Peer 1: 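Encoded as structure tokens, here's the structure I'll be asking about.
These numbers come from a predicted model, not from an experiment. Sequence positions, counted from 1, serve as the residue numbers for this chain.
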Amino acid sequence: MICGFCGHEFDENEGKRGCGGCPGGCHSVHCPRCNYKNPLEPAFIGKLKNMLKRKTSSDAGAAENSEDKKSKAS
């Protein structure tokens with residue numbers, strides 16, 4: 001997660017949850033550096049990021065294999 005205020009990148013588990021100051025309960029993650037209240041990332045966004053990471057890493061692996069085949073053919 002990247003803080004919307006200071007730009008600090010942190011894991012959601014590092015941030016403070018449930019500040020107790022919000023009516024109806026706090027549903028945000030507070031930045032460990034500046035305490036800015038960042039909204040939680042929707043679950044489907046996390047799934048989409050994971051899918052893109054897997055695709056990117058598999059594409060990178062395919063490109064490396066392609067380069068290996070080209071160098072062996074030469």
Peer 1: Go through it in stages, so that I can follow the logic: the residues are Leu40 and Ser28, the test is side-chain contact (heavy atoms from CB on, under 4.5 Å), and I'd like the CA-CA distance, side-chain angles, deciding distance and then a yes or no.
Peer 2: CA-CA 5 Å; Leu40 287 174; Ser28 300; 5.8 Å; no
Peer 1: Do the non-hydrogen side-chain atoms of Tyr36 and Cys6 ever get within less than 4.5 Å of each other?
Peer 2: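 No. Closest side-chain heavy atoms not under 4.5 Å.
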Peer 1: Are the side chains of Asn38 and Met1 in contact, using a 4.5 Å heavy-atom criterion?
Peer 2: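 Yes - at least one pair of side-chain heavy atoms lies under 4.5 Å apart.
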Peer 1: Working to the nearest 0.5 angstrom, can you tell me the gap between Cys3 SG and His30 NE2?
Peer 2: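 Here the rounded value is 11.0 Å.
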Peer 1: Find out whether Arg17 and Glu12 are in side-chain contact, i.e. whether some heavy atom of one side chain is under 4.5 Å from a heavy atom of the other.
Peer 2: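 Yes; the side chains approach each other to less than 4.5 Å.
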Peer 1: Looking only at heavy atoms, what is the nearest atom pair of Cys31 and Phe10, with distance?
Peer 2: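 Shortest heavy-atom contact: CA-CZ, 3.8 Å.
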Peer 1: If you round to the nearest 0.5 Å, how far is CD1 of Ile2 from CD of Glu41?
Peer 2: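 Going from CD on Glu41 over to CD1 on Ile2, the span is 10.0 Å.
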Peer 1: Nearest 0.5 angstrom please: Lys16 NZ to Lys37 NZ, how far?
Peer 2: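 Separation between the atoms: 11.5 Å.
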Peer 1: Closest approach of Phe5 and Cys34, non-hydrogen atoms and distance?
Peer 2: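 Heavy atoms only, the tightest pair is CD2-SG, 3.9 Å.
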